[in-house]
Amino acid sequence: MTRDSELAQSLPPSVQKVSKNLQRWGFWSFWLQLILGIISTVTLLFATPALFKTEQNVQNIQFGIFSAFISIVLLIVAIYTSFRYNKIGKKIENRDPAMRPKKSETIGLIKFGLIFNLVGMLFAIIGAETLVGLSLAKLLTLSPQFIGSNPQQFVNSLDLLIIQANTNTIGAHFAGIVTSLILINRISS
């Protein structure tokens, strides 16, 4: 007898459905957020020290990078929450109904993950908007015919790396938000 056939005999179909949804969506959410989060973190850690060595408008850059790092910290919590979805999905398979997590606790955890992803996405958007604004300001202050001797006046690859890191973080938080909304829809119905 396989594990699925044993479960089919002992668990109601609605419980099986909830368990499978939590495990499946938790797995994909965890890995997608983890991969995008690692890429964002490595990119930020690589680009940030070099930006602070320049003579650019450091205060605004610091605010954008601070927002990006706050977003990554919130993403770490959201990744852990996605990992927990899978674990709760397995706990729901317990044959003893008293040992299963309550529906309200499960939905509460999903809402917790949703809130962390929303707030994290907000910080990532603030960081991206700040850094894109600074890059645009650099471009707009140059006259079209001007070829300057100061390379700090131009948008460089480090600026774009940090913008890319923020964009990846936004994507990771978006994946977590979509997962949370799908799970809330499938569990509460």
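Worth saying up front: this structure is predicted, and the values here are computed from it rather than measured.
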Between [X] and [Y], which heavy-atom pair has the shortest distance, and what is it?
X	Y	value
H173	N117	ND1-OD1, 3.0 Å
K103	I187	CE-O, 3.3 Å
G37	L75	CA-CD2, 3.5 Å
P101	T106	CB-OG1, 3.9 Å
A68	N166	CB-OD1, 3.2 Å
Q33	A78	OE1-CB, 3.6 Å

Quick one: side-chain contact (heavy atoms from CB on, under 4.5 Å) partners of V132, sequence neighbours excluded? I163

So how far is it from [X] [atom1] to [Y] [atom2], rounded to the nearest 0.5 Å?
X	Y	atom1	atom2	result
I184	I110	CD1	CD1	6.0 Å
S19	I92	OG	CD1	6.0 Å
I177	I182	CD1	CD1	12.0 Å

For [X] and [Y], which I'm curious about, is there any donor-acceptor pair between the side chains at under 3.5 Å?
X	Y	value
T169	S71	no
Y85	T179	no
R100	N94	no
T43	Q164	no

Sole residue of I126, L118, I125 in side-chain contact (heavy atoms from CB on, under 4.5 Å) with L122: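 So the option named by the test is I126.
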
Residue that, paired with I79, satisfies side-chain contact (heavy atoms from CB on, under 4.5 Å) out of L74, I38, L34: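 The option that passes is L34.
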
Ignoring hydrogens and geometry, is there a side-chain-to-backbone donor-acceptor pair from N185 to L181 under 3.5 Å?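 Between the backbone of L181 and the side chain of N185 there is no qualifying donor-acceptor contact (under 3.5 Å).
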
Sub-3.5 Å donor-acceptor pair from the side chain of S180 to the main-chain atoms of G113, do we have one?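 A pair under 3.5 Å: no.
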
Report yes if some heavy atom in the side chain of [X] is under 4.5 Å from a heavy atom in the side chain of [Y]; otherwise report no.
X	Y	answer
Q23	K87	no
E105	L109	no
F69	L45	yes
N86	L22	no

Are [X] and [Y] connected in the hydrophobic side-chain network, where two residues link if heavy atoms are under 4.5 Å apart?
X	Y	value
F174	L36	no
W28	V178	no
I35	I72	no
I39	F123	no
L160	L134	yes

Stepwise, does the side chain to side chain contact (heavy atoms under 4.5 Å, CB included) test hold for F46 with L161? CA-CA 9 Å; F46 172 74; L161 274 175; 3.7 Å; yes

Can you confirm whether F83 is buried at CZ, in the sense that more than 12 heavy atoms of other residues, nucleotides or ligands lie under 6.0 Å from that atom?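 Not buried by this count: 12 neighbours or fewer within 6.0 Å.
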
Test log, rule side chain to side chain contact (heavy atoms under 4.5 Å, CB included), inputs R186 and V18: CA-CA 7 Å; R186 292 190 177 189; V18 168; over 6 Å; no

